[in-house]
Structures are given as C-alpha cells and as structure tokens.
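Take a look at the structure below.
Note that the structure is a prediction, hence the values are computed from the model and not measured. Letters go in sequence order (proteins before strands), and every chain restarts at 1.
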Amino acid sequence: MSAQLLIAKLCTDPSLREEFQNSPDKVLEKYKIDPSKWAELKEINMFQINDFSAQIFYGRAKKIRSQVPYFRKIYSEDAFMDLLRELHSVFPSIPYNVSSIYSDLVNLLTLLEAKKSNPIMVDVLKYEIALYYTSMKDYILQMNGNTHWDIDNKHIVLAEGVYLLDTAYPLNQLLQYAKNPHFTEIRPERTISIINRTSRDSIKFYRIDPFTFDFITSINDALSIHEHIKQYVTKIGIPSYSEKLNQIVISLLNKGIFVERKET
Amino acid sequence: MRIGVGIGYRREIKEQILEYKSHIDWLEFYPDHYIENNNLFYELEELSQHFPLAPHSLSLSVGSETGVDMEYLNSIHSMALKLNSPWISDHLCYTNIDGVDLGHLTPIERTEENLSLVIENIKKVKTNINIPFLIENITNGFEFPTNKISEGEFLKRVLVESDCGLLLDLANVFINSKNFKFDPYNFLDSIPLERVVEIHLAGGVNHNGIWIDTHSERINEEIWDLLQYTLKRCEVKGILLELDSKFPENFSEVIEELGRARKLLVS
C-alpha cells in the first residue's frame, strides 16, 4: 500500500487513527507499507491529520444537514450531530458527489433504524431522503426543452399536507420558464400541472415518479408520511404550510415530489 | 486572449450575478454538480448567453495511483465543448484512491514516483481533450513527512514536464505560507509564472491559529499584494473570485472586489 492510500484511510477512519497513534508499527505492517518509509511516516503530524479529517467530516456533514431540515428540527440538532458522528465512524469512506450524498443519507437512515428510533422519526428521514433522491435523480423542471405552459381542465392538484420550505427558484422565475413557447413536452403521459391557487397560474411539468423509490411504495405511504410530518411540524411550531403555498409549490418543484389528487 | 475578471457561479447568487452582469466578465462552475444532475445543464446554457463559462472540476484526482476517471473527464469535456469554454481546470491533489473517496482536495506525497504519476495523469487528460487544461495549487491540510521535493519544485516540474497551464490560487499560497511558515514571495519566485493562465482569489478564516480556505470572507490585503506581485511578472488571462458561502446582502461589496482585481489586471 502507498503512503497516500494509508493517509486516505487515516483521514477517513477514526478507529484506524487511534490504532496508528497507539501502535504505528502494527498499522504500517498491517497495511504493508515499505519498511524504508516507516520511520518518516511515524513522524506524521497527527494534529494536522485530525484537523484535516475534521474538515472532511464537516464538509460532508454540511451537505447532509442541508438535505434534512425537518428531520433535524424534529430529532434535535444535538442528536443529529451525534448521529452524523456515528455515521462518520461506521461509514468512514467519505464520498463527495451528489449521488454519494444520497448514499450518506441512506446510511444515516440505516443507523437510525438500527437504533429502533421512533418510527415517525424514521418516516420523516425517509421522506426527506425521497425528496433528495427525486431531485437528484430526475429534476422536475426539464428546462432544457421539455416543459410548456398549459391551462386545461385536467389539472392534478397538489394535496394539502405537502410542504417543504427550502427553495432555490422563485415561483415567478419558474412561471417565466414555463411560459417560454419554445418548450415542448416530450413525455405527455408523465406530466403534472401544478396550480398556484393564489394567482390562478398553472404550470404543466414533466412528471417524475417519486413513488418508485425504495422507501415509498405507494401514494398512500407518501400521504401517511406527510401526515406524520404535518403533525410534528405543527407541534414544534413551524409556520403553517397553508400560508406558504408559493413556497410549497416552489419547493415541490425543486424537490420533484408531490402528491397527486384529481381536481374535481 | 484576456478573458477578464469573473466569479465562481453558485446558484445562491444567480440573481445578483445577472443583475451585475456588466461588472462580471466570466464565470467558473463546478461541473460535478451538473454531471449528476444533467437536467440542470439548461442553467449553464442560459448563463452562457451572458458570460464565457469554464468548468472547474473537483474529482479528476490527478495524484491518484488509480489514474484519472475517463468517464468523468469525458463528461466535463463534453460540457466544455457545448459551452465553448476557454479551458478546463482541476486541482493538483488526489480526491479518491483505491476505493477511498475522500471528497476533499488532499495533498500529494511529493516523491519522484508520484511526480511521474501526476505528469502521466495530466498528459492523459490533455490527450483526451482538445481545449487547454489548467492545474491548480491547493491548500495543504497537512504535509507528508515522506515528501522529498519542495512544493514549488514539484509544481514547476509538473507544469513543465506535462506542458500544462497553471491556475494559481493566491489564497492557497497565502494560507500555506501561514500554516507552514514560508515566504509566499519566495514560493512565487520558485514556480514558472509564465505558465499562469488564471488566478483564483478568495478569503479564508483563521481558526485557532490555522488558516482554512473557506471561500467565505473578503480578500485580505496580503492576498491583494500577492496579486499585484504576480501580475507584474506574467500575462494572466483571467482572474476569478471564489465565494462559496456568507454571500453578502449587499452584492456591491463583491463587485468592488472584482473592480479592484480588474484594475490590477489591466494596469
């Protein structure tokens, strides 16, 4: 093994760091490091390695935290950080890219489930992972030519009870995109119209199917999870989603998840 | 051809970037995000109507024994071609190695063996793309006790022997000089400044005596001095301000920094 690989392992595995600090020779032997390098490698500044490892961990934690705002509120920030630290020790390889954050989230869920946590906590985390998954996998806004403005009588309306307030796109901007006459729809069988009840505006979008996701196998499951979140969010005093329709819509668009209900 | 003074594109500041577009000459973006979310590519196409765009990737891992991920490189190259980018850049580091994905720019052990490895990896990158490739000096979170070559010498040989352009991050030079106690001007004198194509500027934080490259603060005066020093010694095509968090409410603060950099660039 090379020195670089050993350092990578040290930076991402707290138990190996501890082992190295206690008995470096054992680790160097175990990882088949060229004996001519042992004396020098033992001089590595473990303060710097620990600090670097912390930077890696907090960079990763920041990305994970940003994806699960409701879960953090419900589970409590301190408990969440403990869970992240546990994640760090149990799953030491530290991925960076978007799909790897998804793996982190799934690992976090595995940890939570192993703790036999309150099933509602588990549901909330599943839900937020589902949101992340869908936004990552198949962004609802097919801006590169697949959406178009449409008003007809076949709208599918967002169910009340779906709410996430973090946003990246203002609704006005979305509406402008959707109004662009150059957009065409490529998969009409999988579209959904989302209505902004306040302005009576409507956008028809490419529909992604969040319910094929491992954790949520049916609309009923999703609704049930929404209901759990709703109860908890109300309990802890997050502003009512019903007053934040625009944000809900935007968030749904961003996250690519929704609950459908035929408009009557 | 000089491309001017730009800023790293982050979605959080998209509106401000468009609002102040007359003050921003070009943008750099992290292609990693768009590789995973290719549906978001429209965003770059939209921006390319206003600015030249250059991909600044994070995961080529040119210091890795396991080599460069060609699929990843091809994705970046394809984006760069679609956007008519002036160049592609990545970092002189490793980010993954033999199944361990660090997700962080990790310093390379500076040995003759690794020098050859990096040169080969960069040559491989260059032969597989048909636009210029730049390599950036990083902040060293730690130093390998097994290093046999100085950072300046290693960088110089990488650039010369792989015939590669340099993306000189002056914030990283500043931070390394503070954390590892060397003279940043001596470092600049030791590298082939004629290979500098682009310069990065950013503000970091001092955490318990250790400087960290957070891309979150205003640029400090010592970095401005380094910029002035560098610009007197080479023809730079582009300067870029990196800002990843703590976006100021008043974006004109950022525009002022861009203006200051532009003034130095044109003078």
Side-chain angles (χ1 to χ4, degrees), chain A residues 1-9 11-13 34 36-37 39-57 59-60 62-63 92-103 135-146 168-170 173 177 206 208 256, chain B residues 11-12 14-15 18 30 32-46 58-59 61 63-66 72 93-109 111 113-114 117 139-148 179-180 207-208 210 212-214 244-245:
Chain A
M1 182 189 281
S2 71
Q4 289 197 163
L5 181 53
L6 174 67
I7 293 295
K9 286 184 183 291
C11 287
T12 53
D13 186 345
D34 180 349
S36 68
K37 287 191 165 186
E40 286 174 317
L41 274 174
K42 280 195 279 188
E43 296 302 312
I44 193 147
N45 184 331
M46 287 308 286
F47 173 79
Q48 287 174 2
I49 295 293
N50 282 323
D51 194 59
F52 190 70
S53 178
Q55 283 182 43
I56 293 174
F57 172 65
R60 177 190 190 190
K62 198 174 151 189
K63 288 182 175 65
S93 178
I94 298 181
Y96 182 84
N97 60 30
V98 180
S99 58
S100 301
I101 297 169
Y102 167 65
S103 305
S135 66
M136 172 195 80
K137 188 77 180 165
D138 207 348
Y139 211 75
I140 192 167
L141 284 175
Q142 297 287 300
M143 291 303 188
N144 45 351
N146 305 332
Y169 287 95
Q173 201 176 332
Y177 284 130
Y206 170 83
I208 57 169
Chain B
R11 186 167 298 132
E12 293 89 332
K14 182 180 178 182
E15 279 182 26
L18 290 171
Y30 293 134
D32 305 58
H33 185 56
Y34 300 91
I35 291 170
E36 296 288 349
N37 294 274
N38 60 13
N39 292 333
L40 292 178
F41 190 71
Y42 76 90
E43 191 172 76
L44 300 177
E45 290 177 316
E46 190 182 88
L58 300 162
S59 311
S61 199
S64 175
E65 294 143 33
T66 34
Y72 176 73
C93 70
Y94 67 109
T95 50
N96 54 70
I97 184 167
D98 199 19
V100 182
D101 194 345
L102 287 143
H104 210 73
L105 309 176
T106 308
I108 296 167
E109 181 196 24
T111 59
E113 192 187 355
N114 283 336
L117 177 89
T139 304
N140 295 327
F142 60 88
E143 287 274 334
F144 278 87
T146 43
N147 281 341
K148 301 292 177 210
N179 290 345
F180 298 99
H207 181 68
N208 296 334
I210 304 288
I212 302 172
D213 184 28
T214 53
D244 289 349
S245 59

Side chain, backbone, both or neither: which part of B/Asn114 has a heavy atom under 4.5 Å from chain A?
side chain
Which atoms of B/Ile212 approach chain A - backbone, side chain, both or neither, heavy atom under 4.5 Å:
side chain
What closest approach, in Å, do [X] and [Y] show between heavy atoms, and which atom pair accounts for it?
X: A/Ser2; Y: B/Ile97; value: OG-CD1, 4.2 Å
X: A/Phe52; Y: B/Leu105; value: CZ-O, 3.6 Å
X: A/Lys37; Y: B/Thr111; value: NZ-CG2, 4.4 Å

Residue part contacting chain B, namely of A/Asp51, when any heavy atom lies under 4.5 Å:
side chain
Could you give the distance from [atom1] ([X]) to [atom2] ([Y]), rounded to the nearest 0.5 Å?
X: B/Phe142; Y: A/Ile44; atom1: CZ; atom2: CD1; answer: 6.0 Å
X: B/Thr146; Y: A/Ile7; atom1: OG1; atom2: CD1; answer: 7.0 Å
X: A/Leu5; Y: B/Tyr94; atom1: CG; atom2: OH; answer: 7.5 Å
X: A/Gln4; Y: B/Asp98; atom1: CD; atom2: CG; answer: 12.0 Å

Using salt bridge (Lys or Arg N to Asp or Glu O under 4.0 Å) as the criterion, list what pairs up with B/Glu113, not counting sequence neighbours.
none
Determine, step by step, whether B/Thr106 and A/Cys11 satisfy the side chain to side chain contact (heavy atoms under 4.5 Å, CB included) criterion, reporting the C-alpha distance in whole Å, the side-chain angles of both residues, the deciding distance to 0.1 Å, and the verdict.
CA-CA 10 Å; B/Thr106 308; A/Cys11 287; 5.6 Å; no
If we only count heavy atoms from C-beta on, is the A/Gln48 to B/Phe180 side-chain gap below 4.5 Å?
yes
Test item: A/Gln55 side-chain N/O and B/His104 main-chain N/O as donor-acceptor pair under 3.5 Å
no
